[in-house]
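First comes the structure, then the notes that go with it.
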Amino acid sequence: MTTQLVGDRQLQIEEILGAFNLTVGGTFSGVAHGGTFIPGTGATIETRDPSTGAVLAHVRTASEADCSSAIAAAQEAFKSWRSVPAPKRGEVVRKLGDAFRRRKEDLARLISLENGKILSEARGEVQEVIDICDLAVGQSRQLYGREIASERHDHRLMEQWHPLGVVGIISAFNFPVAVPGWGWAIALVCGDTIVWKPSSLTPLISISAQQIFHEVTAGTEAEGVFSLVVGRGGIVGEALLSDVRVPLIQATGSCAVGERVAAAVGKRSGRAILELGGNNAVIVLDDADLRLALRATVFGSVGTAGQRCTSTRRLILQRGIAAKFLEQLVAAYRTVRIGDPLDDQTLMGPLVSSEAVDEYQAGLVEIQRQGGKLLYGGRVLEDRSGYFVEPAIVRSRADMPICREEIFAPILHVFEVDSLDEAIAVNNAVPQGLSSGLFTTNLNAAERWLSAAGSDCGIANVNVGTSGAEIGGAFGGEKATGGGRQAGSDAWKGYMRRQTCTINYGDDLPLAQGVTFSID
């Protein structure tokens with residue numbers, strides 16, 4: 001459904017776009033490199049307001065040739081950027097974080113407008129960029145190597161880390177600045193340069209972020225370290241994946257996208273940091289604090305309209321509390337306010353596109369065909385414009401094939417189990433392995449959940465839901481989720497190359513492993 005923007009809404013949108021020198025209905029370039037925007041020579045796409053379906057603006061995308069030029073520019077910038085001392089690179093990232101701090105509200109409002117997530121979530125997303133910049137500044141002084149005891153006399157053995165090169169960042173619509181920010185902030189302090197391919201569903205957000213990059217780096221040693229290529233995956237994405245000048249691809253998306261990325265990059269012996277689909281479960285045991293579990297489950301399943309990689313998609317209830325908890329959950333769902341994401345009273349905004357609504361409907365049809373029972377919700381809200389749906393709760397069986405799939409919408413499967421061991425088995429019985437949460441007040445249960453015999457996910461929480469994560473820890477998952485890690489901890493190592501070095505400061509040349517031979 002498409003509607004015209006009228007009245008106060010029109011003025012609101014003009015103000016939001018105007019903060020970044022964008023105009024409603026205008027046409028803008030989605031290509032930038034060398035510190036400036038370049039006219040894109042690819043197709044022109046529309047970007048829409050998911051709250052109304054109305055066209056916000058048009059964007060000229062990158063062609064394959066534009067992408068090649070952006071990579072070449074990033075490669076050229078890398079030649080000088082890699083030699084800038086890491087703490088100096090950290091100073092640039094600090095200034096970028098300050099710039100995002102100053103523009104936090106402008107960016108958050110634009111995210112809510114173009115992406116559809118509620119304003120409080122959008123503010124939190126921009127804050128994650130600020131936080132990762134703060135973390136990266138500290139890491140710029142901690143890119144440690146190590147000294148290793150050599151088995152040879154008068155030898156020193158050590159490891160050190162060097163910048164890797166051009167990093168291609170392929171990001172999704174649901175976190176249009178935070179997740180790519182996890183990559184570029186760390187990559188920059190590591191001495192890499194960036195070619196960013198954002199989602200074609202949120203091009204105005206990436207263009208606005210690129211404006212900030214240009215403002216901060218203009219006339220500095222970092223000018224040209226950021227390149228932008230908005231475009232379809234089949235053109236721009238494939239060009240990035242196949243280019244040997246891009247040694248590392250950081251990609252966020254579905255498991256199917258990750259399979260394509262891994263195959264293409266592996267074929268040319270490149271590297272990939274993959275953060276892919278999640279089919280995340282919350283387990284609630286009989287002894288759990290139900291108040292905590294309820295709060296976590298509701299936000300985990302309806303936050304961002306179920307369009308987070310960490311959204312709660314499966315709820316595993318021990319039978320003793322199942323009926324009571326389900327009653328409380330349905331009552332809580334009835335209070336969820338669905339509406340304009342720019343309204344601070346809204347808890348759940350729209351899905352991102354009409355295609356997302358179609359996938360939501362098709363998913364519910366298939367769930368019921370396989371034997372699932374709809375307990376709440378499931379309607380498309382056709383009484384308003386835009387892409388609004390009701391969050392749905394379905395009673396399912398763990399052996400239903402569709403329960404192994406990620407439906408990127410607010411649909412929550414509910415299962416009942418008898419024991420913690422059964423709950424762990426259900427949690428682990430899906431191809432994905434991103435996030436998981438156990439609610440219990442039993443120490444033994446918590447420790448078993450976190451043991452090698454417990455959750456097989458990259459993120460395992462106790463009395464915390466699946467949705468969201470702190471940037472201080474490495475973020476990512478196992479199995480079909482890709483195995484990559486972004487953000488904190490030692491994730492920085494993925495953006496650098498390791499070098500082992502041996503120095504002989506003696507007068508002899510002893511060989512490793514005690515090998516001896518003579519030369520006449």
> Which distance, rounded to the nearest 0.5 Å, do you find between the CD1 of Ile71 and the CD of Glu76?
Replying inline: 14.5 Å
> Is there a donor-acceptor contact under 3.5 Å linking the side chains of Ser63 and Thr41?
Replying inline: yes
> For the side chain of Glu64 and the backbone of Ile235, is there at least one donor-acceptor N/O pair under 3.5 Å apart?
Replying inline: no
>> Let's go through Asp192 and Arg82 carefully: what are the C-alpha distance in whole Å and the side-chain angles of both, what is the deciding distance for salt bridge (charged side-chain N to carboxylate O under 4.0 Å, His left out) to 0.1 Å, and is it a yes or a no?
In response: CA-CA 7 Å; Asp192 303 325; Arg82 64 187 173 186; over 6 Å; no
> Among side-chain atoms of Thr312 and Thr466, is any donor-acceptor pair under 3.5 angstrom?
Replying inline: yes
> Is there a donor-acceptor contact under 3.5 Å linking the side chains of Glu114 and Thr47?
Replying inline: yes
> When you look at Trp184 and Val167, which way does the side-chain contact (heavy atoms from CB on, under 4.5 Å) test go after all the steps?
Replying inline: CA-CA 8 Å; Trp184 62 250; Val167 175; over 6 Å; no
> What pair of heavy atoms forms the shortest contact from Gly339 to Pro350, and how long is it?
Replying inline: O-CD, 4.2 Å
>> Quick one, Glu46 with Arg48, criterion salt bridge (charged side-chain N to carboxylate O under 4.0 Å, His left out). Give me CA distance, side-chain angles, the key distance, then yes/no.
In response: CA-CA 6 Å; Glu46 296 175 339; Arg48 293 178 178 268; 2.9 Å; yes
> Would you say Arg308's side chain and Ser467's backbone share a donor-acceptor pair under 3.5 angstrom?
Replying inline: no
> Does the side-chain contact (heavy atoms from CB on, under 4.5 Å) test come out yes or no for Arg60 and Thr27, once each step is laid out?
Replying inline: CA-CA 7 Å; Arg60 293 189 298 269; Thr27 301; 3.3 Å; yes
>> To the nearest 0.5 Å, what is the distance between CD1 on Ile459 and OG on Ser436?
In response: 8.0 Å
> Are the side chain of Thr193 and the backbone N or O of Ala74 linked by a donor-acceptor pair below 3.5 Å?
Replying inline: yes
> Arg271 versus Ile273: any side-chain heavy-atom pair under 4.5 Å?
Replying inline: no
> Quick one: do the Trp196 and Ser171 side chains pair a donor with an acceptor below 3.5 Å?
Replying inline: yes
> Is there a donor-acceptor pair closer than 3.5 Å between any side-chain N or O of Lys197 and the backbone N or O of Gly168?
Replying inline: no
> Would you find a donor on one side and an acceptor on the other, under 3.5 Å apart, between the side chain of Gln139 and the backbone of Ser489?
Replying inline: yes
>> Restricting to non-hydrogen atoms, name the atom on Cys67 and the atom on Leu240 that form the minimum distance, rounded to 0.1 Å.
In response: SG-CG, 4.0 Å
> So, Arg89 side chain and Val137 main chain: donor-acceptor pair closer than 3.5 Å or not?
Replying inline: no
> What is the minimum heavy-atom distance between Val352 and Gln307, and which atoms define it?
Replying inline: N-OE1, 3.1 Å
> Any side-chain heavy atom of Val59 sitting closer than 4.5 Å to one from Leu204?
Replying inline: yes
>> Under a 3.5 Å threshold, yes or no: a donor from one side chain and an acceptor from the other, between Arg94 and Ser140?
In response: no
> Passes side-chain hydrogen bond (donor to acceptor under 3.5 Å, both in side chains), Glu390 versus Tyr376? Steps please.
Replying inline: CA-CA 9 Å; Glu390 281 184 326; Tyr376 178 83; 4.5 Å; no
>> Students often mix this up, so state it plainly: with edges at 30° and 60°, are the rings of Phe100 and Phe213 parallel, tilted or perpendicular?
In response: tilted
>> Let me confirm one number: the OG1-CH2 distance from Thr217 to Trp81, rounded to the nearest 0.5 Å.
In response: 9.0 Å
> Is Arg9 close to Asp49 at the side-chain level, that is, under 4.5 Å between some pair of heavy atoms?
Replying inline: yes
>> In the structure I gave you, are the side-chain heavy atoms of Ser80 and Glu221 within less than 4.5 Å of one another anywhere?
In response: no
> If you measure from the Lys or Arg side-chain nitrogens to the Asp or Glu carboxylate oxygens, is any gap between Glu478 and Arg485 under 4.0 Å?
Replying inline: yes
> Between atom CD1 of Ile132 and atom CG of Leu96, what is the distance when rounded to the nearest 0.5 Å?
Replying inline: 13.0 Å
> Quick one: does NZ or CZ of Arg103 land under 6.0 Å from the six-membered ring centre of Phe20, within 45 degrees of the ring axis?
Replying inline: yes
> Just wondering, are more than 12 heavy atoms of other shown residues or ligands nearer than 6.0 Å to CZ in Arg245?
Replying inline: yes
> Between Asn115 and Phe173, which heavy-atom pair has the shortest distance, and what is it?
Replying inline: ND2-O, 2.6 Å
> Under the 3.5 angstrom rule, does the side chain of Glu223 hit a backbone N or O of Gly219 as a donor-acceptor pair?
Replying inline: yes
> Atom CD of Glu275 and atom CD of Gln486: how far apart are they, to the nearest 0.5 Å?
Replying inline: 6.0 Å
> So, Glu121 and Thr304: side-chain donor and acceptor under 3.5 Å apart, yes or no?
Replying inline: yes
> Taking C-beta and beyond as the side chain, do Leu188 and Phe226 meet within less than 4.5 Å on heavy atoms?
Replying inline: yes
>> I'd like to know whether Thr252 forms a side-chain contact (heavy atoms from CB on, under 4.5 Å) with Trp182, so could you lay out the CA-CA distance, the side-chain angles of the two residues, the decisive distance to 0.1 Å, and finally the verdict.
In response: CA-CA 11 Å; Thr252 305; Trp182 293 349; over 6 Å; no
> Rounded to the nearest 0.5 Å, how far apart are CG of Asp131 and CD1 of Ile471?
Replying inline: 5.5 Å
> Do Ser301 and Tyr333 meet the criterion of a side-chain donor-acceptor pair at a distance under 3.5 Å?
Replying inline: yes
>> I'd like to know whether Arg337 forms a salt bridge (charged side-chain N to carboxylate O under 4.0 Å, His left out) with Asp343, so could you lay out the CA-CA distance, the side-chain angles of the two residues, the decisive distance to 0.1 Å, and finally the verdict.
In response: CA-CA 10 Å; Arg337 180 167 175 175; Asp343 182 345; 3.2 Å; yes
> Mind checking whether Leu329 and Leu294 have side chains closer than 4.5 Å, heavy atoms only?
Replying inline: yes
>> Is it the case that the side chains of Glu215 and Gln211 hold a donor-acceptor pair, with the cut-off being a distance below 3.5 Å and no angle test?
In response: no
>> Quick one, Asp134 with Arg101, criterion salt bridge (charged side-chain N to carboxylate O under 4.0 Å, His left out). Give me CA distance, side-chain angles, the key distance, then yes/no.
In response: CA-CA 11 Å; Asp134 286 348; Arg101 188 175 278 109; 3.4 Å; yes
> Distance-only, no hydrogens or angles: does the Arg295 side chain make a donor-acceptor pair with backbone N or O of Gly465 under 3.5 Å?
Replying inline: no
> With no hydrogens and no angle check, is any side-chain donor or acceptor of Ser112 less than 3.5 Å from a backbone partner on Lys117?
Replying inline: yes
> Taking the side chain as C-beta and beyond, is there a heavy-atom pair between Lys104 and Gln127 under 4.5 Å?
Replying inline: yes
> Any idea which heavy atoms bring Met348 and Thr346 closest together, and the distance?
Replying inline: O-CG2, 3.3 Å
> So, the side chain of Thr202 versus the backbone of Ile205: is there a donor-acceptor pair under 3.5 Å, distance only?
Replying inline: no
>> Checking Trp492 against Gln142: is there a side-chain donor and acceptor pair closer than 3.5 Å?
In response: no
>> Consider side-chain contact (heavy atoms from CB on, under 4.5 Å). Of Ile38, Val225, Leu228, which one does His33 pass it with?
In response: Ile38
> Between Val84 and Lys88, what is the shortest heavy-atom contact and its length?
Replying inline: CG1-CB, 3.6 Å
> Can you tell if the side chain of Arg109 reaches within under 4.5 Å of the side chain of Leu119, non-hydrogen atoms only?
Replying inline: yes
>> Before you tell me yes or no, could you show the steps for Val92 and Val189 under side-chain contact (heavy atoms from CB on, under 4.5 Å), namely the whole-Å CA-CA distance, both residues' side-chain angles and the distance that decides it to 0.1 Å?
In response: CA-CA 9 Å; Val92 172; Val189 299; over 6 Å; no
>> Looking only at the side chains, is there a donor atom on one of Thr310 and Asn280 sitting less than 3.5 Å from an acceptor on the other?
In response: no
